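It should be emphasised that the depicted structure is a prediction, and the values quoted were computed from it without experimental measurement. Scope of the values below: all heavy atoms of this structure, side chains included, with no hydrogens, waters or symmetry mates.
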Amino acid sequence: MAATTNEIHRPKFAELNNLCSEKNGTEILFATDDWFAAAENLIQDSEPLWKEGVFDDCGKWMDGWETRRKRIPGHDWSIIKLGNPGIIHGVDIDTAFFTGNYVPKISIQGANLTHQEEKLIPKRRKGKSNGIGATKEQLIEIGKLQTENWEILVEMTKLQPGYPDTRHNFFAVESRKSWTHLRVNMYPDGGIARLRIFGQVKAQPKPDKTGLVDLIAMESGGLCLGYSDAHFGHPRNLILPGEASNMGEGWETARRLDRPEILEMDTNGVLKVPGYEWATFRLGVPGTVKKIEIYTFHFKGNFPDSIRIFTSDEPEVTDLRETDDKVTEVLLPPQKLGPHQKHVFESELQNNEKALTHVKICIAPDGGLSRVRIFGHPISNCQNKAEVQSQMSQLPNC
């Protein structure tokens, strides 16, 4: 049985990218104890599962990180390396299904480690093995890092049990520094199902073999600022690294109810419909766009009929929702889409000579996309670059 998410009380920061995902390169580097369930479960993208009546040699099978009932001094903790350094706006400590065994209190600390400092962390075994704990020698070795003195991002705080209405424990983070590593502290022991860290990547964009940068990519610092609908999948999935493995890893909307009873096409083969769905993004770096790739992989019976993209060069657009009237210049005019394929647009682009900061992706009438890549050249004019990037350093109001 999979846990369901209660969306009613989600704070605005939970719309941002999840920096703490195995698919984004996040790793568990150390944990004091993995007796009932390994800490690697914390960074899974999937919803936590419950398996009734399933036990192993260590006890009840749980989908999360669960330590043994502590019978020695101290408390349990783990070290997480984020896939990309990032600014954290908030966290979600998900205790799904941990009802009589959830962690009573937690805190989170952050640090920026060099490669040499990270080498002080004892090597962790691969996989998600339970039934183990850190040795005395490993604790002495990692003690050299003095991780207990890292900056506090979330003070010691009570958690709620993993029932559907109480499983999500949201905490805002005030610091606007960029972090590479986190220390998650349990007080004193117990279980957590998932850890979501919401924020923005702050890393140097990497060009591909042709010298182009994916300006919208999460790894370049791209952010979803707003959207019209995310019934089956959030549009922030569009800018994740790699290919989607299924429809659930893309953006999919509900079916629009204003579709005509009988559909008709225009002379270009595009459906004539009154409405559309949209998602607005701030590019990770401003730049001139040279190529756009639209992926509909896995969307075979629910791909959009067409797509169009608007753009803006206004870096001060920072609100999560009110971007609709500020991103209005056509970058890609309406284009027909097909199922389960990659679409490449280059000659079709318009108004792409200047450095752009935002895009608004519109699909008609509805449906799903798996990924969007917007390739271009980051702006090279030093004076303009400094001015624009200074304004774009302001994160969304969340």
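- Within the 4.5 Å cutoff, no side-chain heavy atoms of Ile239 are placed close to those of Val372.
- Of all the heavy atoms in Ala134 and Ala31, the pair that sits closest is CB-O, 3.8 Å.
- When each of Asp94, Asp92, Thr95, Thr99 is tested with Arg167 by the rule side-chain hydrogen bond (donor to acceptor under 3.5 Å, both in side chains), just one qualifies, namely Asp94.
- Here the side chain of Thr357 pairs no donor or acceptor atom with the backbone of Pro286 at under 3.5 angstrom.
- Taking each heavy atom of Pro207 and Pro205 in turn, the nearest pair found is CD-O, 3.7 Å.
- Taking the six-membered ring where tryptophan is involved, the planes of Phe97 and Trp50 are tilted, since the angle between them lies from 30° to 60°.
- Each of Gln109, Glu117, Glu118, Lys81 was scored for a side-chain hydrogen bond (donor to acceptor under 3.5 Å, both in side chains) with His181, with one residue passing: Glu118.
- Between Arg371 and Glu243 no salt bridge is recorded (no basic side-chain N to carboxylate O distance below 4.0 Å).
- Pairs engaging residues 228-253 under the ring pair (Phe, Tyr, Trp, His ring centres under 6.0 Å) rule: Tyr227-His234 [sequence neighbours left out].
- The hydrophobic clustering, which links ILVMFWY residues whose side-chain heavy atoms are closer than 4.5 Å, places Phe281 and Leu349 together.
- The backbone N or O of Asp63 sits nowhere less than 3.5 Å from a side-chain atom of Asn41 that would complete a donor-acceptor pair.
- A continuous path of Ile, Leu, Val, Met, Phe, Trp and Tyr side chains, each step under 4.5 Å between heavy atoms, connects Val184 with Ile28, placing both in one hydrophobic cluster.
- Remark: of the listed residues Glu40, Glu27, Gln138, Glu40 is the sole one forming a side-chain hydrogen bond (donor to acceptor under 3.5 Å, both in side chains) with Arg124.
- Within 6.0 Å of CZ in Arg69 there are 12 or fewer heavy atoms belonging to other residues, nucleotides or ligands.
- Within the 4.5 Å cutoff, no side-chain heavy atoms of Asn24 are placed close to those of Glu219.
- Side-chain contact between Ile79 and Ile142 is present, with heavy atoms from C-beta onward closer than 4.5 Å.
- No more than 12 heavy-atom neighbours from other residues, nucleotides or ligands sit within 6.0 angstrom of NZ on Lys105.
- Side-chain contact between Glu249 and Leu240 is absent, with no heavy atoms from C-beta onward closer than 4.5 Å.
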Side-chain donor-acceptor pairs under 3.5 Å in residues 298-306, sequence neighbours left out?
{"unit_1": "His298", "atom_1": "NE2", "unit_2": "Ala244", "atom_2": "O", "d": "2.7"}
{"unit_1": "Asn302", "atom_1": "ND2", "unit_2": "Glu252", "atom_2": "OE2", "d": "2.9"}
{"unit_1": "Asp305", "atom_1": "OD1", "unit_2": "Lys336", "atom_2": "NZ", "d": "2.3"}
{"unit_1": "Asp305", "atom_1": "OD2", "unit_2": "Leu271", "atom_2": "N", "d": "2.8"}

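- Looking at His343 and Gln341, their side chains come closer than 4.5 Å, going by heavy atoms from C-beta outward.
- No side-chain heavy atom of Leu195 sits under 4.5 Å from any side-chain heavy atom of Ile43.
- Put simply, CG on Leu19 and CZ on Arg196 are 12.0 Å apart, with the number rounded to the nearest 0.5 Å.
- With hydrogens and angles ignored, the 3.5 Å screen pairs no side-chain donor or acceptor of Lys177 with any backbone N or O of Ile88.
- Taking all atoms of both residues into account, the shortest heavy-atom contact from Cys20 to Ile197 is CB-CG1, 3.4 Å.
- Although no hydrogens or angles enter the test, the distance criterion places no donor-acceptor pair under 3.5 Å between the side chain of Thr288 and the main chain of Lys354.
- Arg183 is listed as a side-chain neighbour of Trp77, based on a closest heavy-atom distance under 4.5 Å.
- With hydrogens and angles ignored, the 3.5 Å screen pairs no side-chain donor or acceptor of Asn185 with any backbone N or O of Glu148.
- Closest heavy-atom contact between Ser129 and Asp34: O-CB, 4.0 Å.
- Taking OH of Tyr276 as the start and OG1 of Thr253 as the end, the distance is 13.5 Å to the nearest 0.5 Å.
- Side chain of Asn130 to backbone of Ala37: no donor-acceptor contact under 3.5 angstrom is found.
- Here the side chains of Arg194 and Ser46 are in contact, with some heavy-atom distance below 4.5 Å.
- A tilted orientation is assigned to the rings of Tyr187 and His75, their planes being inclined by 30° to 60°.
- A salt bridge is defined here as a Lys NZ or Arg NE, NH1 or NH2 lying under 4.0 Å from an Asp or Glu carboxylate O, and Arg256 with Asp366 fails to meet this definition.
- Under a 3.5 Å cut-off, the side chain of Asp56 and the backbone N or O of Cys58 do form a donor-acceptor pair.
- The minimum heavy-atom distance linking Phe36 with Arg68 is given by the pair CE1-CA, 3.6 Å.
- A distance-only check finds no donor-acceptor pair linking the side chain of Ser220 to the backbone of Leu215 [under 3.5 Å].
- Taking the ring centroids of His89 and Phe198, they lie at or beyond the 6.0 Å cut-off.
- With a 6.0 Å cutoff to the six-membered ring centre and a 45° limit on the axis angle, Lys291 counts as a cation-pi contact of Phe375.
- Using a 4.0 Å cut-off between charged nitrogen and carboxylate oxygen, Glu141 and Lys123 do not count as a salt-bridge pair.
- The backbone N or O of Gly190 sits less than 3.5 Å from a side-chain atom of Thr67, completing a donor-acceptor pair.
- Transitive grouping of hydrophobic side chains (ILVMFWY, heavy atoms separated by less than 4.5 Å) keeps Trp179 and Leu113 in distinct clusters.
- Side chain of Thr296 to main chain of Gly368: no donor-acceptor pair is present (N/O by atom type, distance under 3.5 Å, no hydrogens or angles).
- Contact record, Gly275 with Ala364: O-CB, 4.1 Å, taken as the closest heavy-atom pair.
- To the nearest 0.5 Å, the span separating CD1 on Ile87 from CG on Asn17 amounts to 12.0 Å.
- Leu42 and Ile121 are members of different hydrophobic clusters when ILVMFWY side chains are connected at heavy-atom separations under 4.5 Å.
- Going from atom CD of Glu174 over to atom CG of Leu153 covers 11.0 Å, rounded to the nearest 0.5 Å.
- Leu212 and Phe345 are assigned to two separate hydrophobic clusters, defined by single-linkage of ILVMFWY side chains at heavy-atom distances under 4.5 Å.
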Stepwise salt bridge (charged side-chain N to carboxylate O under 4.0 Å, His left out) test for Arg236 and Glu15: CA-CA 8 Å; Arg236 67 184 168 210; Glu15 302 281 0; 5.1 Å; no

